[in-house]
Amino acid sequence: MSSVARCPHCLRKIKLTDLRFFCVTDDDRRHEVSLSIMDKIKKRLPVCKRNFCKNKDLTVREVECKHCGEKIPPQILFHDKFLSFCTIGVAGAGKSSYLTTMLHELKYSGLPWVIQAMNVDTTERAQLSEQNVYEARHCPEGTKSGIAPKPQLWTMLDNSTSGEKVPTCALTIYDGAGEDCEHIGYTAADATIARYISGSQMLLIIFDPLLLASVRGEIGLDILNASMATERQTSAPANMVSMANSLANYIRQSSNINPGKRIEANAAVVLTKLDALREMQGGFGASSTILKESPHAKMRGFVEADSAMVDLEIRDWLARQGETAFLDAIDANFKNVRVFGVSSFGNPPDQQKRLAKVRPHRVLDPIMWFLAHEGVIPTI
């Protein structure tokens with residue numbers, strides 16, 4: 001687990017002296033503020049000292065990274081722990097849907113955490129996504145290709161401890177949506193996403209089972225069409241294997257890792273759209289662990305036995321579908337892999353892609369694994 005702050009944009013390690021500080025008045029006038037010697041000693045943000053400024057003696061409101069020039073939240077430096085993960089996958093796999101419901105459940109699951117957005121962009125994106133899914137009950141639209149979304153920046157406050165100071169984690173979420181991981185190229189957006197992938201402690205590799213030829217042959221056309229975010233008709237085996245290998249090569253090149261060395265970043269392979277698999281004859285049995293309620297949030301820790309069984313059940317299901325090549329590629333390239341199954345909505349959308357009452361299933365499992373691995377929560 002990292003205790004070193006990094007710029008969420010260029011991913012360089014940062015401290016106070018790596019930042020530029022600006023005082024911004026209500027009329028949008030802006031001037032730079034320098035760190036004092038006491039600011040550096042006490043590791044605090046500077047205050048404006050300009051005579052006649054409306055904000056004189058007030059703490060600065062705007063901060064930039066000296067390395068890349070991007071704006072970052074002033075409070076990002078002052079966390080106890082720094083965590084980051086990136087979601088990746090082929091177009092239409094359900095990344096946006098998953099992130100929306102995962103963040104909502106993280107806020108309202110009963111866990112002893114308070115989740116706060118660090119900046120306006122993160123707040124507005126989260127509110128818009130939640131309103132669209134939970135109130136309007138519409139499936140989220142996929143992020144447009146060629147766009148590298150800005151990182152989502154969250155603070156997690158651990159409310160389980162007493163005392164004057166509440167332990168905090170800075171959680172940076174990189175949304176790889178918009179890229180095609182089967183054919184990672186060299187555009188500006190690809191370069192940005194590559195940096196996010198290489199700098200993340202965990203990769204959420206989103207895997208859409210509806211792209212499997214064996215699944216598509218057993219599911220009704222109405223459910224298939226309602227659950228597919230795109231019109232893509234290709235089968236998944238070659239796509240997913242290509243994505244896994246392309247992703248691994250990308251990380252190795254950018255991080256100078258030898259071909260035979262497994263990549264250290266945790267890889268959570270997330271099988272989405274479990275709700276659409278219910279009518280499959282070769283699907284998961286009614287007594288399967290994966291279909292039961294997740295115990296992690298209730299136990300306030302990561303229940304290893306439950307997760308290990310889910311991992312085993314999905315691997316067995318993929319083997320029965322004749323689709324082991326993808327997991328073989330992931331296992332060969334990553335040192336620490338765990339497989340999860342989720343349903344972002346609980347039920348498939350209707351033909352107009354409208355949702356019934358949203359009841360997410362096991363969407364917190366991957367991040368609970370990550371938090372346990374990083375020592376934030378216990379493994380039970």
Side-chain angles (χ1 to χ4, degrees), residues 1-25 30-50 53 55-86 103 106-107 113-126 148-161 163-175 192 195-202 265 367 370-371 374-377:
M1 176 166 43
S2 176
S3 58
V4 178
R6 291 181 181 271
C7 171
H9 303 283
C10 67
L11 299 177
R12 291 183 175 92
K13 293 180 180 179
I14 53 173
K15 50 187 182 295
L16 275 173
T17 53
D18 294 309
L19 306 176
R20 297 178 68 193
F21 305 93
F22 297 90
C23 174
V24 183
T25 60
R30 183 174 184 263
H31 59 269
E32 189 165 358
V33 177
S34 299
L35 285 167
S36 69
I37 294 175
M38 288 306 296
D39 292 332
K40 295 177 183 178
I41 292 173
K42 294 189 174 183
K43 296 181 179 180
R44 67 188 183 191
L45 296 171
V47 299
C48 176
K49 292 297 183 181
R50 177 175 287 191
C53 177
N55 291 340
K56 185 179 180 182
D57 295 327
L58 297 180
T59 305
V60 294
R61 292 168 54 182
E62 193 171 290
V63 176
E64 286 182 2
C65 172
K66 285 183 179 179
H67 303 294
C68 66
E70 292 282 354
K71 292 182 181 179
I72 59 177
Q75 70 268 37
I76 196 168
L77 285 176
F78 306 106
H79 289 76
D80 299 305
K81 301 168 185 175
F82 297 87
L83 308 174
S84 62
F85 69 82
C86 182
L103 284 167
L106 196 58
K107 294 175 188 176
W113 299 327
V114 176
I115 312 298
Q116 299 173 342
M118 287 193 212
N119 57 8
V120 174
D121 181 72
T122 299
T123 299
E124 290 179 345
R125 288 168 61 188
K150 292 182 180 180
Q152 295 188 46
L153 306 176
W154 297 90
T155 294
M156 296 174 54
L157 296 92
D158 186 351
N159 202 29
S160 65
T161 59
E164 293 184 4
K165 187 179 184 304
V166 177
T168 61
C169 287
L171 177 63
T172 302
I173 301 175
Y174 298 108
D175 183 358
T192 301
R195 185 166 66 247
Y196 294 166
I197 291 171
S198 300
S200 295
Q201 295 157 300
M202 181 176 74
I367 194 171
F370 176 44
L371 294 174
E374 298 297 329
V376 178
I377 62 173

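What's counted below: heavy atoms across the whole structure, side chains too, no hydrogens, waters or symmetry copies. When a residue number appears, it is its place in the shown sequence, counting from 1.
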Partners passing side chain to side chain contact (heavy atoms under 4.5 Å, CB included) against I37 (at least two apart in sequence or in another chain) = I41

Do D80 and P167 touch side chain to side chain, with heavy atoms closer than 4.5 Å?
-> yes

So how far is it from I14 CD1 to L19 CG, rounded to the nearest 0.5 Å?
-> 5.0 Å

If we only count heavy atoms from C-beta on, is the Q116 to L157 side-chain gap below 4.5 Å?
-> yes

Any chance you could lay out the side-chain contact (heavy atoms from CB on, under 4.5 Å) test for I377 and W113, step after step, and finish with the verdict?
-> CA-CA 11 Å; I377 62 173; W113 299 327; 3.2 Å; yes

Please list, chain by chain and in numerical order, all residues satisfying side chain to side chain donor-acceptor pair (under 3.5 Å) with K107, sequence neighbours excluded.
-> E130

Examine distances only and state if a side-chain atom of N119 and a backbone atom of T122 form a donor-acceptor pair shorter than 3.5 Å.
-> yes

Across all chains, not counting sequence neighbours, the salt bridge (charged side-chain N to carboxylate O under 4.0 Å, His left out) partners of R44 are D39

So, does R30 use its side chain to make a donor-acceptor pair with the main chain of C23 at under 3.5 Å?
-> no

Could you tell me which residues satisfy side chain to side chain contact (heavy atoms under 4.5 Å, CB included) with R20, sequence neighbours excluded, listed by chain and number?
-> F22, E32, E64, K66

Quick one: pull up CG in L103 and CD1 in I115 and give me the separation to the nearest 0.5 Å.
-> 8.5 Å

Atom pair CG/OG of L11 and S198 - distance to nearest 0.5 Å | 8.5 Å

Less than 4.5 Å apart, any side-chain heavy atom of S200 and any of Y174?
-> yes

Those residues that, when tested against K13, pass side chain to side chain contact (heavy atoms under 4.5 Å, CB included) (two or more places apart) | V4, R6

P74: what forms a side chain to side chain contact (heavy atoms under 4.5 Å, CB included) with it, not counting sequence neighbours?
-> L45, V63

Between V47 and V60, is a side-chain contact (heavy atoms from CB on, under 4.5 Å) present by the stated rule, with each step listed?
-> CA-CA 6 Å; V47 299; V60 294; over 6 Å; no

Decide salt bridge (Lys or Arg N to Asp or Glu O under 4.0 Å) for D175 and K150; before the verdict, give the C-alpha distance in whole Å, the side-chain angles of both, and the deciding distance to 0.1 Å.
-> CA-CA 8 Å; D175 183 358; K150 292 182 180 180; over 6 Å; no

So do the side chains of Y196 and T172 get within less than 4.5 Å of each other, counting heavy atoms only?
-> no

L171 backbone acceptor or donor facing H79 side chain under 3.5 Å = no

Quick one: are C169 and V376 in side-chain contact, heavy atoms under 4.5 Å?
-> yes

Check: S36 and P46 side chains under 4.5 Å, non-hydrogen atoms | no

Residues T25 and N55: closest non-hydrogen pair is CA-ND2, 3.5 Å

Test side-chain contact (heavy atoms from CB on, under 4.5 Å) on H67 and D18 and set out the steps.
-> CA-CA 7 Å; H67 303 294; D18 294 309; 3.6 Å; yes

Do C53 and H31 come within less than 4.5 Å of each other through their side chains, counting heavy atoms only?
-> yes

Reported CG-to-OG1 distance for the pair D158 and T168, which is rounded to 0.5 angstrom = 9.5 Å

Name all residues meeting the salt bridge (charged side-chain N to carboxylate O under 4.0 Å, His left out) criterion together with K40; count only those two or more places apart in sequence or in a different chain, and write none if there are none.
-> none

What residues, two or more places apart in sequence or in another chain, satisfy side chain to side chain donor-acceptor pair (under 3.5 Å) together with T59?
-> none

Sequence-distant partners of K49, side chain to side chain donor-acceptor pair (under 3.5 Å), two or more places apart = D57

Reported CD-to-SG distance for the pair E70 and C10, which is rounded to 0.5 angstrom = 8.5 Å

Applying salt bridge (charged side-chain N to carboxylate O under 4.0 Å, His left out), name anything that partners K43, two or more places apart in sequence or on another chain.
-> none

Any side-chain heavy-atom pair of M156 and L371 under 4.5 Å | yes

Non-neighbouring partners of N159 that pass side chain to side chain donor-acceptor pair (under 3.5 Å), sequence neighbours left out = none

Atom of P8, atom of I72 and distance for their closest heavy-atom approach = CD-CG2, 3.6 Å

May I ask you to say whether K81 pairs ionically with E374, meaning some side-chain N is under 4.0 Å from a carboxylate O?
-> no

Distance, nearest 0.5 Å, that separates NE2 of H9 from SG of C7 | 5.5 Å

Working for side-chain contact (heavy atoms from CB on, under 4.5 Å), residues Q201 and F370 | CA-CA 9 Å; Q201 295 157 300; F370 176 44; 3.9 Å; yes

